[in-house]
Chemist: 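Following this message is one structure expressed as C-alpha cells.
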Amino acid sequence: MKGNEAIAEAAIRSGCGLFFGYPITPSTEIMEYLAKKLPQAGGTILQGEDEVASINMCYGAAASGARVMTASSSPGFSLKQEGLSYLAAAELPVVVVNVNRTGPGLGGLGPAQSDYFQCTKGGGHGDYRLIVLTPSKGQELYDYTMQAFDLADQYRNPVLILADGFLGQMMEPVELKVRSREELPPKEWVTDGCRGREKRKIASYALTNEIGEANCLYWQTKYNQIKDRLQRWENFYADDAEYLLVGYGTCGRIAKSVVLTARQQGVRLGLLRPITVWPFPEKAFWGLHERVKGIMTIELNAGQMIEDVKLAVQCKTPVHFYSRQGGMLPTEREIWQAFCRTFQLALTEEEL
Amino acid sequence: MEKIFSRTKGLTSLPFHYCPGCTHGIIHRLIGEVLEELDIIGDTIGVAPVGCAGFSLDFFSCDFVGAAHGRAQAVATGMKRALPEKLVFTYQGDGDICAIGTSHAIHTAARAEKITSIMVNNAIFGMTGGQMAPTTLAGQITATSPYGRNCQLAGNPIDLPKIIATLDGAVYVAAVSVDSPQQIIAAKKAIKKGFQVQQAGLGFAFISILSTCPTNWGLSPVESLKWLRQNMLPLYQMGELKATKEVSAL
Amino acid sequence: MMDKILLAGFGGQGIMFLGKVMAYAGMLNHREVCWIPSYGPEMRGGTANCSVMIANEEIYSPVIEVADAGIVLNQPSYEKFVSRIKPGGVLVVNSSLISLGSQRPDIHLIDIPAGQIANQLGNDHLANMVCLGAIISKLALIDMETVQQAMQFLIGKKKPELLALNLSAICKGIEYGYGSGLHPI
C-alpha cells in the first residue's frame, strides 16, 4: 500500500474516531483513504474550510476524549501551528501528520526535510514541544502511527508523524499488525458534560504571571521526562564505526545503502538513524568521540538537524553535512563520494 | 419567607470580573438560566473565545473549553462531532467571530453544524483596550480609529446575522439586545430557542446580542445603553431573522 | 539480488499500473518491493514515470540512479531514460511511437511495436502490457506465473472481462521478446 494509506490504515486500527483535514499534495491520500474507510469503521471524517479549522476541530474532539488525527503537508502544516501551540498548552492528545514537501513559500511537491526546525523546535508561539516520529519505510509509517496514538494519550501531548512526499507516495508491502494497546492512564480530564461529577475546563490561559511561570515549569518537567524516556534511534553498523552518517526518514534508508558500500570497501562506516527527532536521540552520541573520527548528516534541507547533532556531540567530533534540496534526493553514490571527499579517503574511480 | 430570586445553578459562585455596566453579566445570567431551565447543565459543553469573555469558562457551571481567537466554532464542531448526543455552544465577541473567525462562522453555518453560537456585539474590541472591530459604527472613535471610523478607509460595519441567515444550514438566526427589560426577556427567549433547536438536531442556531462597553466607549453605563439604542439598534437588523418551519413548530 | 526497473511514458499510457503489476508480482512471490511514482501537479497528460524495485533482501535506498531494466512508451521518455540503464541492462522501447536516435551499444535494446500489437488486439491501452511481456524474461525476480497472479489480484475481481485480454497482450510481448526484437550487445 501507499505510504499515506499505511498511515491512514494504522489510524483506523488504532481506534482513531475522528479525522479533520484539508487537501494538500503530497498527503491527501491519507484523507481520501479515511473518507472511504473511517465511516465504515464507525468513525467520522470532516473536511474543514482550511487547515486552521481542521486543527481546531481536532482540539474540540480531543477535549471530548476521542482519538483524533489530522494530516497535511508543509504549507498547510504552517497553518496548523497556532492550533498546535494551543493543543500542547491544553495538553490534548492529537496525532498530526506532516508529509513534508519543499518550501519556503508554495515550494514544490517533491520530498523535503525542510520543516525539521518547525517540527522539532515548536513551530508555533510559546515554549512547547511535539513528540516527533520519523518513519523511513511503509511498515514504519504504519507502526509509528499506531505508537503515536499511544504516546499522545500517555503523555497528553500532540504527536507528529514527520514523513516526506517520497514516503507518502511510495508503495511498499505493509504487514497490518495488531498492536496490543498499552496500559494508558485513564482520561480523567475530558470535558464531555459534567452530569454526575464536578465541572471541568480545558484551557491554556494564565491569569497571573506567577501562574504562567508555574505552568511553564510544569510543561518543562513533562518535556524533560519525555526526553529522558523516549529517545529512539536505529543503530546500523554504528557499534564499531570510525565514521558515522546521521539521517532520518528517506535519508536514513538511503544512508544504509551507503554504509553497505563503505563496508565492502573496508571503511568502517555506520549510521545512526533518529526515530524520534524530538526528543532528539542525544544518548546515541554519548561517548562516541573516543572512537568516531567524523560525522556527516544527510538531509533534504539546508542544514537543520546538523545543529542537534553538533549539540549532541558537544563539538568533540567534527560534524559535516551533505544535502539535496528543493525536492531532489541524493543517490547512494553521491553520498558516498561526498563522504570520501569530506574525510579525504583516497579511493579509486571504480571504488567510487 | 419564600425565596423568589436567587443565583441560577447555571453559573458558578465566582463573582463576575467584568467592568461596571458591562452587559456580559446579564447575558451570562440568561444563558445560565436557560441551561438550568432546560436541565442541560450536565450535558452541555461551552466553548469560550479570546476576548473579554475568555474567562467565561470559570463562570458557567457546565464543562468549558477555551479556544484560540476566532476558532471557537471550529473547536465546537470537533466537540459536537465527537459527542453528537451532547449540547455544545460557543460564546464569542464580535471581534472574535466577525473578524478573525469569519470563515469558521460561515462554514459552521453552511455545514448546518448542530451547535448554538452566541455572539455578543459591542462594536469594539474590548479586552485589548477598545480597538476598531468589523462591527464598529461609521464615525465611531476607537483606539485604532481615533478620528472616527472612516468607511472609505476601513469599510462598512458587518451585520453578521444577516449573512448567516442566507445560508441553508442556519435554521435559526436571531438578533436581540439587552438594553431594556423587554429586550432582555426577548433575548432569553432567543437563547432558549437556540438550545432547543440544537436539542431537536435541526441545524445551526445563531443568536446575536447587542451589548455595551462603557469602559471603551468612554460613557457611563446609563449613557452606554442610550448610545446602543440610538446608534446600534437602527443599524443592525433586529428580531428573528430566520426560523425554518421546523424551528417555528418547536 | 535486486531488479531495479524504470518505467516511463505519456500520462494515460498505464505506466503506474504497469509498475503496480510488477510490484504485486514481486510481493505475491514474497519479495521485498518498492513502487515509487513520479508525482506532480498534473493529473493527466505530460510524462509519467515510476520506478519499481524487487529484491530478496530489505530495500534500503529507494532511489534508482541506474536501472537494470526499463520500459519506455514514448519518445521523450526514451530520450530521458536511455542513459539511465546500466551497461548490460535491458530497455524495452515501444517502436510504434519511438524512433531510436543515439543508441547505446552496451545495453540490450528490445524495440517492439507495442502500439501496433495492442491495436491488433483491439485495445490501444494494452501497449504497456505488451512491453511487460517483452521484459519478463529479463528480470530475475518475477516471472509470467507471478505476473499472472498479480493481474488476477489487481483486475481479476474488478474487471474480469479485461483480464484475459491483458494476459494475451503480455503473451504477445513474451513471444516478441524471444523473437527478432532483441538487439545483442
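Just so we're on the same page: letters track the sequence lines, and every chain starts at 1.
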Chemist: Just checking B:Gln199: does its CD atom have more than 12 heavy atoms from other residues, nucleotides or ligands closer to it than 6.0 angstrom?
Modeler: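 Yes, the 6.0 Å shell around CD holds more than 12 heavy atoms from other groups.
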Chemist: So, A:Tyr59 side chain and B:Gly66 main chain: donor-acceptor pair closer than 3.5 Å or not?
Modeler: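 Here the side-chain-to-backbone pair exists.
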Chemist: May I ask you to check whether over 12 heavy atoms, not counting those of B:Lys242, lie within 6.0 Å of atom NZ?
Modeler: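 Atom NZ in B:Lys242 is packed in, count exceeds 12.
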Chemist: Assess the residue pair B:Asp39 and A:Arg195 against the criterion (side chain to side chain contact (heavy atoms under 4.5 Å, CB included)); give the C-alpha distance rounded to whole Å, side-chain angles, the decisive distance to 0.1 Å, and a yes or no.
Modeler: CA-CA 10 Å; B:Asp39 188 24; A:Arg195 195 167 287 279; 3.9 Å; yes
Chemist: Report which part of B:Ser61 has an atom under 4.5 Å of a heavy atom belonging to chain A: side chain, backbone, both, or neither.
Modeler: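 Backbone of B:Ser61 only, per the 4.5 Å heavy-atom cut-off to chain A.
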Chemist: Quick one: pull up CD in A:Glu49 and CD in B:Gln73 and give me the separation to the nearest 0.5 Å.
Modeler: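 Reported to 0.5 Å precision, the distance equals 9.0 Å.
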Chemist: Locate the shortest heavy-atom distance separating A:Leu18 from B:Gly78; write the atom from each residue and the value.
Modeler: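 Of all heavy-atom pairs spanning A:Leu18 and B:Gly78, the closest is CD2-O, 4.5 Å.
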Chemist: Tell me, side chain or backbone of B:Ala68 under 4.5 Å from chain A's heavy atoms, or both, or neither?
Modeler: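 Both backbone and side chain.
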Chemist: Side chain, backbone, both or neither: which part of A:Val68 has a heavy atom under 4.5 Å from chain B?
Modeler: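 Answer is neither: A:Val68 stays 4.5 Å or more from chain B.
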Chemist: To the nearest 0.5 Å, what is the distance between OH (A:Tyr86) and NE2 (B:His69)?
Modeler: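 Separation between the atoms: 9.0 Å.
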Chemist: Show the numbers, then the answer: is there a side chain to side chain contact (heavy atoms under 4.5 Å, CB included) between B:Ile41 and A:Lys199?
Modeler: CA-CA 9 Å; B:Ile41 297 170; A:Lys199 161 207 168 89; over 6 Å; no
Chemist: Which heavy atom of A:Thr191 sits nearest a heavy atom of B:Phe64, and at what distance?
Modeler: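 Closest pair (atom of A:Thr191, atom of B:Phe64, distance): CG2-O, 3.9 Å.
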Chemist: Nearest heavy-atom pair of B:Ala82 and A:Ala66: which atoms, and what distance?
Modeler: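 The pair with the smallest heavy-atom distance is CB-CB, 4.4 Å.
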Chemist: Which region of B:Ala67, side chain (C-beta onward) or backbone (N, CA, C, O), has a non-hydrogen atom less than 4.5 Å from a non-hydrogen atom of chain A, or is it both or neither?
Modeler: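 Answer is backbone: N, CA, C or O of B:Ala67 sit under 4.5 Å from chain A.
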Chemist: Distance check, rounded to the nearest 0.5 Å: A:Asp50 atom CG versus B:His104 atom NE2?
Modeler: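 Rounded to the nearest 0.5 Å, the CG-NE2 separation comes out at 5.5 Å.
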Chemist: Hey, is the main chain of A:Arg200 close enough, under 3.5 Å, to the side chain of B:Asp63 for a donor-acceptor pair?
Modeler: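 Checking the backbone N and O of A:Arg200 against the side chain of B:Asp63, a donor-acceptor pair under 3.5 Å is found.
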Chemist: Heavy-atom distances under 4.5 Å only: say whether B:Leu87 touches chain A with side chain, backbone, both or neither.
Modeler: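 Neither part.
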Chemist: Under 3.5 Å, is there a donor-acceptor pair between the side chain of A:Lys201 and the main chain of B:Asp58?
Modeler: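 Such a contact is absent between A:Lys201 side chain and B:Asp58 backbone.
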Chemist: Could you tell me whether B:Tyr18 atom OH has more than 12 heavy atoms of other residues or ligands within 6.0 Å of it?
Modeler: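 Atom OH in B:Tyr18 is crowded, with more than 12 foreign heavy atoms closer than 6.0 Å.
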Chemist: Specify which of A:Val52, A:Thr44, A:Val190 makes the most heavy-atom pairs with chain B at under 4.5 Å.
Modeler: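 It is A:Val52.
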Chemist: Would you indicate whether A:Lys121, at its atom NZ, is surrounded by more than 12 heavy atoms from other residues, nucleotides or ligands within a distance under 6.0 Å?
Modeler: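 Check passes, neighbour count above 12.
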Chemist: Does B:Asp168 CG have over 12 foreign heavy atoms under 6.0 Å away?
Modeler: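 No, the 6.0 Å shell around CG holds no more than 12 heavy atoms from other groups.
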Chemist: Atom CZ in A:Phe20, atom OG1 in B:Thr77: separation rounded to 0.5 Å?
Modeler: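 The distance works out to 8.0 Å.
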Chemist: Between A:Ile55 and B:Arg71, is a side chain to side chain contact (heavy atoms under 4.5 Å, CB included) present by the stated rule, with each step listed?
Modeler: CA-CA 10 Å; A:Ile55 190 81; B:Arg71 316 296 174 217; over 6 Å; no
Chemist: Show your working on side chain to side chain contact (heavy atoms under 4.5 Å, CB included) between A:Leu46 and B:Arg111 and close with a plain yes or no.
Modeler: CA-CA 10 Å; A:Leu46 185 63; B:Arg111 285 194 304 265; 4.0 Å; yes
Chemist: Below 4.5 Å from any heavy atom of chain A, which atoms of B:Ile45 appear? Answer side chain, backbone, both or neither.
Modeler: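 Side chain only.
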